[in-house]
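Structure record follows, encoded as structure tokens.
These figures come from a predicted structure and were not determined experimentally.
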Protein chains: 2
Amino acid sequence: MQISEAARRAGLPVKTVRYYADIGLVRPPARTDSNYRDYDSAALAKLVFVRRARDFGFSIPECRELLALYEDRDRSSADVRALAAAHLTEIEEKQRQLAALRDELAHLVNACQGNDRPDCPILDRLEAE
Amino acid sequence: MQISEAARRAGLPVKTVRYYADIGLVRPPARTDSNYRDYDSAALAKLVFVRRARDFGFSIPECRELLALYEDRDRSSADVRALAAAHLTEIEEKQRQLAALRDELAHLVNACQGNDRPDCPILDRLEAE
DNA sequence: CTAATGCTTCCAGTAACTGGAAGGTCAAGG
DNA sequence: CCTTGACCTTCCAGTTACTGGAAGCATTAG
């Protein structure tokens with residue numbers, strides 16, 4: 001199938017699929033006579049796999065590792081678990097930081113009266129050391 | 001004061017302070033005879049302001065807007081409130097997505113036994129359409 | 001006087017695409 | 001047969017907010 005259909009079925013922009021081919025993450029198995037990239041179902045499955053992994057926040061290098069694990073089913077699932085667990089820790093840390101940020105900003109927005117007076121607690125707070 | 005002290009007191013890397021000067025976000029008010037950037041307390045306050053705003057997740061263009069508001073105290077605090085409120089909405093959306101991602105990944109990590117058997121629910125899940 | 005910092009500018013690279021230009025290919029319609 | 005439009009190709013450049021490094025001048029401690 002052509003790149004646009006592969007992209008559509010994988011839920012990715014065409015540009016991104018081309019990019020993944022360029023960096024050697026998911027290469028099409030062949031080219032047509034007219035030099036069009038030609039994807040088969042195995043390549044499509046890899047694109048879907050990568051799209052899902054990216055949705056989970058895995059970086060491209062991590063996707064590469066996961067794809068290697070995915071392609072070699074004889075490898076220990078502990079490898080995959082370790083990779084995902086490490087990522088989970090990162091996400092939870094991000095979550096904590098984001099929650100703190102949100103709470104503080106929400107407090108400031110609530111405290112700011114939003115009227116025409118020039119003094120605003122948001123600016124005061126941002127300004128404070 | 002020299003750039004390294006301004007950076008230290010603002011809690012920013014020197015490179016970043018130089019970058020902020022380059023893009024015209026926070027310019028030092030003067031240069032010394034030997035062409036060193038010379039920061040005064042007003043510039044330092046702006047650096048601190050920007051650092052805090054960046055900590056809050058404001059982008060550089062947003063920081064520029066906030067800095068303009070910060071510098072012109074006659075402007076309505078409603079402007080600041082609108083800016084911050086818009087940002088708050090973004091953060092809450094990010095928070096929702098991150099929470100969903102975390103829950104799903106946590107489920108998968110728990111489901112994966114992490115032993116030496118090659119079948120792993122993480123890969124199954126990522127593979128599934 | 002020299003060695004070690006600290007400062008300067010400029011160039012290049014990061015992640016993961018995204019946009020656009022210039023041009024080849026293919027199927028349908030007149 | 002020709003044209004139109006929708007594909008496809010490669011390559012170059014830009015995005016965000018820095019970050020690293022090289023080459024070279026300035027200042028300071030010993």
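- A salt bridge between B/Asp55 and B/Arg51 is present, with a side-chain N of the basic residue lying under 4.0 Å from a carboxylate O of the acidic one.
- No side-chain heavy atom of B/Phe58 sits less than 4.5 Å from a side-chain heavy atom of B/Val50.
- Atom CD1 in B/Ile3 sits about 16 Å away from atom P in D/dT27, given to the nearest Å.
- Salt bridge absent: A/Glu92 and A/Arg96 never bring a charged side-chain N and a carboxylate O closer than 4.0 Å.
- Taking a 4.0 Å limit (strictly below) on heavy-atom distances, residues 28-45 of chain B reaches DNA chain D at B/Ser34, B/Tyr36.
- Rounded to a whole Å, the CD1 atom of B/Ile60 is 5 Å from the P atom of D/dA17.
- For B/Tyr20 and D/dT19, the OH to C1' distance is 13 Å, given to the nearest whole Å.
- For the pair B/Arg18 and D/dT19, the criterion of a side-chain N or O lying under 4.0 Å from OP1 or OP2 is not met.
- Taking 4.0 Å as the cutoff to heavy atoms of chain A, we find the contact window on DNA chain C bounded by C/dA16 to C/dC26.
- Checking A/Arg54, A/Arg27, A/Lys15 one by one against A/Tyr20, the side chain to side chain contact (heavy atoms under 4.5 Å, CB included) holds for a single residue, A/Arg54.
- The backbone N or O of B/Ser59 sits less than 3.5 Å from a side-chain atom of B/Glu62, completing a donor-acceptor pair.
- Between the side chain of B/Asp38 and the backbone N or O of B/Ala30, no donor-acceptor pair lies under 3.5 Å.
- When the nearest nucleotides of DNA chain D are assigned to B/Ser59 and B/Lys15 by heavy-atom distance, the more 5′-ward of the two goes with B/Ser59.
- A/Ile23 comes within 4.0 angstrom of nothing in the nucleic acid, heavy atoms only.
- Of the inter-residue distances, the one linking A/Arg37 atom CZ with A/Arg31 atom CZ reads 4.0 Å to the nearest 0.5 angstrom.
- Here the side chains of A/Phe49 and A/Leu66 are in contact, with some heavy-atom distance below 4.5 Å.
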